[in-house]
Amino acid sequence: MLVMQVTLDNWKVQVKKGYLEFCLLLLIRTHGRLYGLELLEHLNSLEMPLKEGTLYPLLNRLCDDGLLQSSWQTQNVKGHPRKFYALTKAGREALGEMESEFVRMMDIVSQLQKTNRGQA
Amino acid sequence: MNKEIIIEHYLSKLERELQALPTGDRAEILTEIRSHIFEASEKHPEREIARILDDMGTPEAVAARYLAQKGVPYKATTSAPRRWLRILAAGMAGVFVVCVASVLFAIWYFSPLLKVDEAAGRVTLLGGLIDVNEPAGEVKIGSMHVKADMSDDHDSEFSDDISLNLGGATKVSGGEDLQVRKVKTLSIPFNNAKLEVSPSKNSRFEWDCKNLTAGAPPVSVNAGVMTLDLEKVSVAKCSLRIPDGIKTEVRGVNGKIELNKPRSDFDVKVTNGKVDIDPDPSRVYDFEVKVANGVHDHFARSEAKDALKVKVDVINGVVKKE
(Lines give C-alpha, C1' and ligand atoms only; values in the text may rest on other atoms or scores of the structure.)
Protein backbone atom coordinates (compact mmCIF):
# COMPACT_ATOMS: atom_id res chain seq x y z
CA MET A 1 0.00 0.00 0.00
CA LEU A 2 1.32 3.39 -0.97
CA VAL A 3 0.61 5.11 2.35
CA MET A 4 2.36 2.42 4.33
CA GLN A 5 5.31 2.56 1.99
CA VAL A 6 5.66 6.31 2.54
CA THR A 7 5.46 5.89 6.31
CA LEU A 8 8.00 3.11 6.24
CA ASP A 9 10.32 5.11 4.05
CA ASN A 10 10.10 8.06 6.44
CA TRP A 11 10.88 5.83 9.36
CA LYS A 12 13.85 4.35 7.59
CA VAL A 13 15.21 7.81 6.83
CA GLN A 14 14.90 8.80 10.48
CA VAL A 15 16.51 5.67 11.80
CA LYS A 16 19.20 5.83 9.16
CA LYS A 17 20.33 9.26 10.30
CA GLY A 18 21.64 8.10 13.66
CA TYR A 19 22.69 4.73 12.41
CA LEU A 20 24.70 5.99 9.48
CA GLU A 21 27.48 7.75 11.35
CA PHE A 22 27.77 4.74 13.59
CA CYS A 23 28.21 2.45 10.59
CA LEU A 24 30.69 4.80 8.97
CA LEU A 25 32.89 4.85 12.04
CA LEU A 26 32.67 1.07 12.35
CA LEU A 27 33.71 0.65 8.74
CA ILE A 28 36.67 2.92 9.15
CA ARG A 29 37.72 1.14 12.31
CA THR A 30 37.55 -2.24 10.58
CA HIS A 31 39.63 -1.17 7.61
CA GLY A 32 41.92 1.28 9.35
CA ARG A 33 41.99 3.85 6.54
CA LEU A 34 39.49 4.39 3.77
CA TYR A 35 38.88 7.04 1.16
CA GLY A 36 35.55 8.24 -0.27
CA LEU A 37 35.09 5.80 -3.12
CA GLU A 38 36.06 2.82 -0.98
CA LEU A 39 33.60 3.85 1.70
CA LEU A 40 30.87 4.15 -0.90
CA GLU A 41 31.63 0.71 -2.29
CA HIS A 42 31.52 -0.89 1.16
CA LEU A 43 28.25 0.84 1.99
CA ASN A 44 26.77 -0.31 -1.29
CA SER A 45 27.76 -3.90 -0.69
CA LEU A 46 26.17 -3.71 2.75
CA GLU A 47 23.05 -2.42 1.05
CA MET A 48 23.32 0.88 2.85
CA PRO A 49 23.62 3.06 -0.20
CA LEU A 50 24.47 6.65 0.50
CA LYS A 51 24.56 9.49 -1.97
CA GLU A 52 28.04 10.79 -2.68
CA GLY A 53 26.90 14.34 -2.13
CA THR A 54 25.86 13.35 1.39
CA LEU A 55 28.88 11.26 2.30
CA TYR A 56 31.61 13.78 1.61
CA PRO A 57 30.14 16.64 3.66
CA LEU A 58 29.45 14.14 6.44
CA LEU A 59 33.06 12.95 6.48
CA ASN A 60 34.09 16.60 6.51
CA ARG A 61 31.96 17.21 9.57
CA LEU A 62 33.26 14.17 11.41
CA CYS A 63 36.75 15.57 10.88
CA ASP A 64 35.68 18.97 12.20
CA ASP A 65 34.13 17.22 15.20
CA GLY A 66 37.44 15.49 15.89
CA LEU A 67 36.22 11.95 15.38
CA LEU A 68 38.10 11.44 12.12
CA GLN A 69 41.45 12.54 10.80
CA SER A 70 42.28 12.85 7.14
CA SER A 71 45.44 12.49 5.11
CA TRP A 72 46.09 12.97 1.42
CA GLN A 73 47.67 10.39 -0.80
CA THR A 74 49.30 12.04 -3.77
CA GLN A 75 51.55 9.24 -5.07
CA ASN A 76 50.36 6.73 -7.63
CA VAL A 77 46.99 8.29 -8.06
CA LYS A 78 47.15 9.49 -11.66
CA GLY A 79 46.85 13.13 -10.76
CA HIS A 80 43.75 12.70 -8.63
CA PRO A 81 44.74 12.87 -4.95
CA ARG A 82 42.83 10.72 -2.53
CA LYS A 83 41.72 11.85 0.91
CA PHE A 84 41.93 9.00 3.40
CA TYR A 85 40.00 8.91 6.66
CA ALA A 86 40.96 7.21 9.92
CA LEU A 87 39.59 7.29 13.45
CA THR A 88 41.15 9.65 15.97
CA LYS A 89 41.55 8.65 19.59
CA ALA A 90 38.39 10.58 20.38
CA GLY A 91 36.71 8.85 17.47
CA ARG A 92 37.62 5.43 18.85
CA GLU A 93 36.27 6.35 22.25
CA ALA A 94 33.08 7.77 20.79
CA LEU A 95 32.63 4.64 18.74
CA GLY A 96 33.01 2.51 21.86
CA GLU A 97 30.26 4.49 23.53
CA MET A 98 28.04 4.21 20.48
CA GLU A 99 28.50 0.46 20.52
CA SER A 100 27.49 0.17 24.17
CA GLU A 101 24.50 2.37 23.54
CA PHE A 102 23.51 0.34 20.51
CA VAL A 103 23.73 -2.96 22.42
CA ARG A 104 21.57 -1.42 25.11
CA MET A 105 19.02 -0.39 22.54
CA MET A 106 18.94 -3.85 20.99
CA ASP A 107 18.42 -5.27 24.46
CA ILE A 108 15.41 -3.06 25.00
CA VAL A 109 14.02 -4.03 21.61
CA SER A 110 14.27 -7.74 22.32
CA GLN A 111 12.64 -7.23 25.72
CA LEU A 112 9.82 -5.36 24.07
CA GLN A 113 9.43 -8.09 21.50
CA LYS A 114 9.19 -10.76 24.19
CA THR A 115 6.44 -8.85 26.01
CA ASN A 116 4.48 -8.60 22.78
CA ARG A 117 4.67 -12.30 22.12
CA GLY A 118 3.44 -13.00 25.62
CA GLN A 119 0.28 -11.11 24.88
CA ALA A 120 -0.21 -12.48 21.39
CA MET B 1 37.13 15.77 -24.22
CA ASN B 2 33.50 16.75 -23.84
CA LYS B 3 33.49 14.86 -20.55
CA GLU B 4 36.19 17.09 -19.11
CA ILE B 5 34.26 20.20 -20.00
CA ILE B 6 31.12 18.96 -18.30
CA ILE B 7 33.07 18.03 -15.19
CA GLU B 8 34.90 21.34 -15.02
CA HIS B 9 31.63 23.20 -15.50
CA TYR B 10 30.14 21.32 -12.56
CA LEU B 11 33.20 21.97 -10.41
CA SER B 12 33.33 25.66 -11.17
CA LYS B 13 29.69 25.94 -10.13
CA LEU B 14 30.50 24.07 -6.94
CA GLU B 15 33.42 26.39 -6.30
CA ARG B 16 31.15 29.40 -6.66
CA GLU B 17 28.61 27.99 -4.24
CA LEU B 18 31.36 27.40 -1.71
CA GLN B 19 32.62 30.97 -1.75
CA ALA B 20 31.63 31.45 1.88
CA LEU B 21 34.22 28.95 3.00
CA PRO B 22 37.91 29.71 3.63
CA THR B 23 40.13 29.17 0.61
CA GLY B 24 41.97 26.17 2.04
CA ASP B 25 38.79 24.28 2.97
CA ARG B 26 37.26 25.05 -0.40
CA ALA B 27 40.33 23.84 -2.27
CA GLU B 28 40.39 20.55 -0.37
CA ILE B 29 36.72 19.94 -1.02
CA LEU B 30 37.08 20.62 -4.74
CA THR B 31 40.13 18.38 -4.99
CA GLU B 32 38.33 15.54 -3.27
CA ILE B 33 35.19 15.85 -5.37
CA ARG B 34 37.13 16.21 -8.60
CA SER B 35 39.17 13.10 -7.80
CA HIS B 36 36.03 11.21 -6.98
CA ILE B 37 34.32 12.11 -10.24
CA PHE B 38 37.31 11.20 -12.37
CA GLU B 39 38.05 7.97 -10.58
CA ALA B 40 34.40 6.91 -10.61
CA SER B 41 34.29 7.58 -14.31
CA GLU B 42 37.42 5.50 -14.91
CA LYS B 43 36.23 2.62 -12.76
CA HIS B 44 32.89 2.56 -14.54
CA PRO B 45 33.60 3.67 -18.09
CA GLU B 46 30.17 2.55 -19.21
CA ARG B 47 28.53 5.02 -16.85
CA GLU B 48 27.48 8.33 -18.27
CA ILE B 49 29.18 11.31 -16.70
CA ALA B 50 25.74 12.79 -16.17
CA ARG B 51 24.82 9.85 -13.99
CA ILE B 52 27.95 10.28 -11.87
CA LEU B 53 27.23 13.97 -11.39
CA ASP B 54 23.63 13.09 -10.63
CA ASP B 55 24.78 10.70 -7.91
CA MET B 56 26.78 13.51 -6.43
CA GLY B 57 23.86 15.88 -6.53
CA THR B 58 23.56 19.44 -7.77
CA PRO B 59 26.43 21.79 -6.86
CA GLU B 60 23.94 23.84 -4.86
CA ALA B 61 22.79 20.85 -2.82
CA VAL B 62 26.30 19.64 -2.14
CA ALA B 63 27.52 23.10 -1.20
CA ALA B 64 24.53 23.60 1.08
CA ARG B 65 25.46 20.49 3.02
CA TYR B 66 29.05 21.55 3.42
CA LEU B 67 28.01 25.00 4.55
CA ALA B 68 25.44 23.60 6.96
CA GLN B 69 28.15 21.49 8.60
CA LYS B 70 30.22 24.60 9.10
CA GLY B 71 27.28 26.60 10.42
CA VAL B 72 27.43 29.03 7.53
CA PRO B 73 24.07 30.22 6.21
CA TYR B 74 23.64 29.22 2.60
CA LYS B 75 22.77 31.78 -0.04
CA ALA B 76 22.30 30.48 -3.54
CA THR B 77 24.21 32.36 -6.17
CA THR B 78 22.30 32.97 -9.36
CA SER B 79 23.48 32.82 -12.94
CA ALA B 80 22.90 35.64 -15.42
CA PRO B 81 19.65 34.43 -17.01
CA ARG B 82 18.16 33.77 -13.59
CA ARG B 83 19.26 37.21 -12.48
CA TRP B 84 17.28 38.79 -15.29
CA LEU B 85 14.24 36.81 -14.31
CA ARG B 86 14.61 38.10 -10.78
CA ILE B 87 14.84 41.70 -11.94
CA LEU B 88 11.75 41.24 -14.07
CA ALA B 89 9.87 39.66 -11.19
CA ALA B 90 10.94 42.51 -8.92
CA GLY B 91 9.66 45.02 -11.45
CA MET B 92 6.29 43.34 -11.65
CA ALA B 93 6.12 43.16 -7.88
CA GLY B 94 6.89 46.87 -7.75
CA VAL B 95 3.99 47.69 -10.03
CA PHE B 96 1.72 45.55 -7.90
CA VAL B 97 2.82 47.31 -4.74
CA VAL B 98 2.08 50.71 -6.28
CA CYS B 99 -1.43 49.56 -7.18
CA VAL B 100 -2.10 48.24 -3.70
CA ALA B 101 -0.69 51.41 -2.14
CA SER B 102 -3.03 53.60 -4.18
CA VAL B 103 -6.03 51.55 -3.17
CA LEU B 104 -5.03 51.75 0.47
CA PHE B 105 -4.52 55.48 0.16
CA ALA B 106 -7.98 55.90 -1.26
CA ILE B 107 -9.45 53.92 1.61
CA TRP B 108 -7.53 55.96 4.13
CA TYR B 109 -8.47 59.20 2.56
CA PHE B 110 -12.13 58.48 2.58
CA SER B 111 -12.64 56.64 5.83
CA PRO B 112 -12.23 57.74 9.42
CA LEU B 113 -9.14 55.78 10.31
CA LEU B 114 -8.29 58.10 13.13
CA LYS B 115 -10.68 60.44 14.78
CA VAL B 116 -9.55 62.60 17.63
CA ASP B 117 -12.11 64.60 19.53
CA GLU B 118 -10.04 66.50 22.01
CA ALA B 119 -12.87 68.37 23.67
CA ALA B 120 -14.78 65.25 24.45
CA GLY B 121 -11.60 63.35 25.17
CA ARG B 122 -12.35 60.68 22.67
CA VAL B 123 -9.97 58.96 20.26
CA THR B 124 -11.22 56.45 17.76
CA LEU B 125 -8.91 54.43 15.59
CA LEU B 126 -9.40 52.05 12.73
CA GLY B 127 -13.09 52.77 12.42
CA GLY B 128 -13.82 52.09 16.05
CA LEU B 129 -11.73 49.00 16.51
CA ILE B 130 -9.78 50.92 19.09
CA ASP B 131 -11.83 53.38 21.07
CA VAL B 132 -10.44 55.47 23.87
CA ASN B 133 -13.24 57.17 25.73
CA GLU B 134 -11.71 59.45 28.30
CA PRO B 135 -14.77 60.81 30.16
CA ALA B 136 -16.27 57.37 30.53
CA GLY B 137 -12.90 56.03 31.56
CA GLU B 138 -13.10 53.33 28.98
CA VAL B 139 -10.75 51.85 26.47
CA LYS B 140 -12.11 49.43 23.96
CA ILE B 141 -9.66 47.43 21.94
CA GLY B 142 -11.28 44.99 19.59
CA SER B 143 -13.42 42.85 21.80
CA MET B 144 -11.52 43.70 24.97
CA HIS B 145 -13.19 46.31 27.06
CA VAL B 146 -11.34 48.04 29.83
CA LYS B 147 -13.40 50.22 32.07
CA ALA B 148 -11.53 52.00 34.78
CA ASP B 149 -12.78 52.99 38.14
CA MET B 150 -11.81 56.65 38.31
CA SER B 151 -11.68 56.81 42.11
CA ASP B 152 -8.46 56.76 44.10
CA ASP B 153 -5.86 54.14 43.58
CA HIS B 154 -6.06 50.74 45.12
CA ASP B 155 -3.25 49.33 47.08
CA SER B 156 -4.14 45.71 46.64
CA GLU B 157 -6.40 43.85 44.29
CA PHE B 158 -8.92 45.40 41.97
CA SER B 159 -12.40 45.84 43.24
CA ASP B 160 -15.42 44.80 41.26
CA ASP B 161 -15.69 48.31 39.82
CA ILE B 162 -13.14 47.38 37.23
CA SER B 163 -14.71 45.06 34.78
CA LEU B 164 -12.35 43.32 32.48
CA ASN B 165 -14.04 40.47 30.78
CA LEU B 166 -11.93 37.69 32.20
CA GLY B 167 -14.08 34.63 32.21
CA GLY B 168 -12.08 31.93 33.86
CA ALA B 169 -9.19 33.96 35.16
CA THR B 170 -6.51 32.70 37.47
CA LYS B 171 -5.13 34.79 40.27
CA VAL B 172 -1.40 34.88 40.55
CA SER B 173 0.71 36.82 43.01
CA GLY B 174 4.35 36.96 43.64
CA GLY B 175 7.16 39.06 44.89
CA GLU B 176 10.90 39.38 44.95
CA ASP B 177 13.22 41.26 47.23
CA LEU B 178 15.21 43.34 44.77
CA GLN B 179 17.94 44.14 47.26
CA VAL B 180 18.59 40.47 47.89
CA ARG B 181 18.45 39.70 44.17
CA LYS B 182 20.78 42.67 43.44
CA VAL B 183 18.34 44.05 40.87
CA LYS B 184 18.43 47.71 39.83
CA THR B 185 16.14 47.60 36.81
CA LEU B 186 12.77 46.03 36.08
CA SER B 187 11.48 45.08 32.68
CA ILE B 188 7.81 44.33 32.20
CA PRO B 189 6.79 43.39 28.67
CA PHE B 190 3.07 42.89 28.16
CA ASN B 191 0.48 41.98 25.61
CA ASN B 192 -3.12 42.95 26.43
CA ALA B 193 -2.91 44.16 29.97
CA LYS B 194 -4.15 46.58 32.50
CA LEU B 195 -1.36 47.51 34.86
CA GLU B 196 -1.68 49.54 37.97
CA VAL B 197 1.76 50.59 39.15
CA SER B 198 2.39 52.00 42.63
CA PRO B 199 5.40 52.42 44.85
CA SER B 200 6.35 49.60 47.15
CA LYS B 201 6.81 50.27 50.84
CA ASN B 202 10.13 48.45 50.95
CA SER B 203 12.61 46.72 48.71
CA ARG B 204 10.13 44.11 47.56
CA PHE B 205 8.78 44.13 44.05
CA GLU B 206 5.30 42.62 44.20
CA TRP B 207 2.64 41.70 41.71
CA ASP B 208 -0.98 40.66 42.04
CA CYS B 209 -2.41 39.45 38.78
CA LYS B 210 -5.50 38.03 37.28
CA ASN B 211 -4.81 36.54 33.90
CA LEU B 212 -6.56 34.47 31.33
CA THR B 213 -3.83 31.98 30.72
CA ALA B 214 -3.10 29.70 33.61
CA GLY B 215 0.21 29.81 35.32
CA ALA B 216 2.44 32.47 36.71
CA PRO B 217 4.20 34.98 34.51
CA PRO B 218 7.84 33.96 34.22
CA VAL B 219 10.35 35.92 36.23
CA SER B 220 14.01 36.00 35.26
CA VAL B 221 17.07 37.92 36.32
CA ASN B 222 19.99 38.79 34.09
CA ALA B 223 22.81 41.22 34.87
CA GLY B 224 20.91 43.23 37.45
CA VAL B 225 17.72 43.37 35.38
CA MET B 226 14.62 41.48 36.47
CA THR B 227 12.01 40.68 33.88
CA LEU B 228 8.39 39.90 34.73
CA ASP B 229 7.20 38.61 31.42
CA LEU B 230 3.53 39.46 31.16
CA GLU B 231 3.65 38.82 27.41
CA LYS B 232 3.60 35.15 28.22
CA VAL B 233 0.29 35.46 30.02
CA SER B 234 -2.33 36.93 27.77
CA VAL B 235 -4.84 39.45 29.06
CA ALA B 236 -3.29 40.30 32.38
CA LYS B 237 -4.77 42.57 34.95
CA CYS B 238 -2.09 43.34 37.47
CA SER B 239 -1.32 45.52 40.39
CA LEU B 240 2.43 46.09 40.61
CA ARG B 241 4.42 47.58 43.45
CA ILE B 242 7.84 48.96 42.58
CA PRO B 243 10.52 49.71 45.17
CA ASP B 244 11.84 53.29 45.15
CA GLY B 245 14.61 54.10 42.74
CA ILE B 246 14.23 50.96 40.65
CA LYS B 247 14.17 51.98 36.99
CA THR B 248 11.19 50.32 35.37
CA GLU B 249 10.50 49.63 31.70
CA VAL B 250 6.98 48.79 30.68
CA ARG B 251 6.57 47.90 27.03
CA GLY B 252 3.74 46.33 25.14
CA VAL B 253 0.75 46.27 22.88
CA ASN B 254 -2.86 46.89 23.90
CA GLY B 255 -3.10 48.13 27.40
CA LYS B 256 -3.83 50.61 30.06
CA ILE B 257 -1.04 51.63 32.36
CA GLU B 258 -1.57 53.62 35.52
CA LEU B 259 1.48 55.18 37.15
CA ASN B 260 0.47 56.13 40.66
CA LYS B 261 2.84 58.53 42.42
CA PRO B 262 5.91 57.05 40.81
CA ARG B 263 9.07 57.09 42.89
CA SER B 264 11.39 55.69 40.23
CA ASP B 265 12.45 56.38 36.67
CA PHE B 266 10.01 54.94 34.17
CA ASP B 267 10.17 54.12 30.50
CA VAL B 268 6.72 53.26 29.20
CA LYS B 269 5.92 52.34 25.62
CA VAL B 270 2.38 51.39 24.65
CA THR B 271 0.95 50.67 21.26
CA ASN B 272 -2.83 51.01 21.40
CA GLY B 273 -3.95 52.18 24.76
CA LYS B 274 -3.74 54.63 27.55
CA VAL B 275 -1.33 55.80 30.17
CA ASP B 276 -2.55 57.65 33.27
CA ILE B 277 0.00 59.40 35.43
CA ASP B 278 -0.69 60.60 38.93
CA PRO B 279 2.49 62.41 40.00
CA ASP B 280 3.63 62.50 43.61
CA PRO B 281 3.43 66.17 44.66
CA SER B 282 6.50 65.76 46.89
CA ARG B 283 8.72 64.70 43.96
CA VAL B 284 10.17 66.50 40.98
CA TYR B 285 9.74 64.85 37.62
CA ASP B 286 11.34 65.21 34.22
CA PHE B 287 8.54 64.06 31.93
CA GLU B 288 9.06 63.18 28.29
CA VAL B 289 5.66 62.35 26.85
CA LYS B 290 5.07 61.55 23.19
CA VAL B 291 1.90 60.39 21.46
CA ALA B 292 1.52 59.39 17.82
CA ASN B 293 -2.15 59.33 16.84
CA GLY B 294 -3.78 60.63 19.94
CA VAL B 295 -3.61 63.26 22.64
CA HIS B 296 -1.71 63.91 25.83
CA ASP B 297 -1.86 66.39 28.66
CA HIS B 298 0.97 68.77 29.29
CA PHE B 299 3.76 67.30 31.36
CA ALA B 300 6.64 69.45 32.55
CA ARG B 301 10.31 68.81 31.95
CA SER B 302 12.87 69.47 34.60
CA GLU B 303 16.61 69.88 34.66
CA ALA B 304 16.83 69.20 38.38
CA LYS B 305 19.39 66.59 39.33
CA ASP B 306 17.05 64.66 41.57
CA ALA B 307 14.19 64.72 39.09
CA LEU B 308 12.66 61.36 38.31
CA LYS B 309 12.78 60.65 34.60
CA VAL B 310 9.43 59.47 33.32
CA LYS B 311 9.38 58.72 29.62
CA VAL B 312 6.11 57.76 27.96
CA ASP B 313 5.64 56.84 24.31
CA VAL B 314 2.19 55.96 23.03
CA ILE B 315 1.16 55.00 19.52
CA ASN B 316 -2.60 55.20 19.10
CA GLY B 317 -3.89 56.43 22.38
CA VAL B 318 -3.83 58.91 25.18
CA VAL B 319 -1.64 60.01 28.07
CA LYS B 320 -3.47 61.77 30.88
CA LYS B 321 -2.50 63.47 34.05
CA GLU B 322 -4.57 62.59 37.06
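Here is the naming used below: chain letters follow the sequence lines, and residue numbers restart at 1 for every chain. Values below: every heavy atom of this structure, side chains too, minus hydrogens, waters and symmetry copies.
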Query - Sidechain-backbone polar pair: B:Ser35 side chain, A:Arg82 backbone, donor-acceptor under 3.5 Å - result: no

Query raised in the report: With the threshold set at 4.0 Å, does a side-chain nitrogen-carboxylate oxygen contact exist between A:Lys78 and B:Glu42?
Result: yes

Query raised in the report: Of all the residues in residues 23-33 of chain B, which have a heavy atom that comes within less than 4.5 Å of a heavy atom in chain A?
Result: B:Glu28, B:Ile29, B:Thr31, B:Glu32, B:Ile33

Query - CD (B:Glu46) with more than 12 external heavy atoms under 6.0 Å - result: yes

Query raised in the report: By number, which residues in residues 24-41 of chain A have some heavy atom less than 4.5 Å away from chain B?
Result: A:Tyr35, A:Leu37, A:Leu40, A:Glu41

Query raised in the report: Under 6.0 Å from the CD atom of A:Glu101, do we count more than 12 heavy atoms belonging to anything else shown?
Result: yes

Query raised in the report: Roughly how far, to the nearest 0.5 Å, is CG of A:Leu50 from CG of B:Asp55?
Result: 11.0 Å

Requested in this report: Count the heavy-atom pairs under 4.5 Å between each of B:Met56, B:Arg34, B:His36, B:Lys70 and chain A, then report the option with the highest count.
Outcome: B:His36

Query raised in the report: Near B:Asn222 CG, under 6.0 Å, is it more than 12 heavy atoms from other residues, nucleotides or ligands?
Result: no

Query raised in the report: Quick one: does B:Gln69's side chain have a donor or acceptor within less than 3.5 Å of a partner on A:Arg61's backbone?
Result: no

**Report entry** CE (A:Met106) with more than 12 external heavy atoms under 6.0 Å
**Finding:** yes

Query - Neighbour count above 12 (heavy atom, 6.0 Å) for B:Gln179 CD - result: no

Query raised in the report: Counting only heavy atoms not in B:His9, do more than 12 fall under 6.0 Å of its NE2?
Result: no

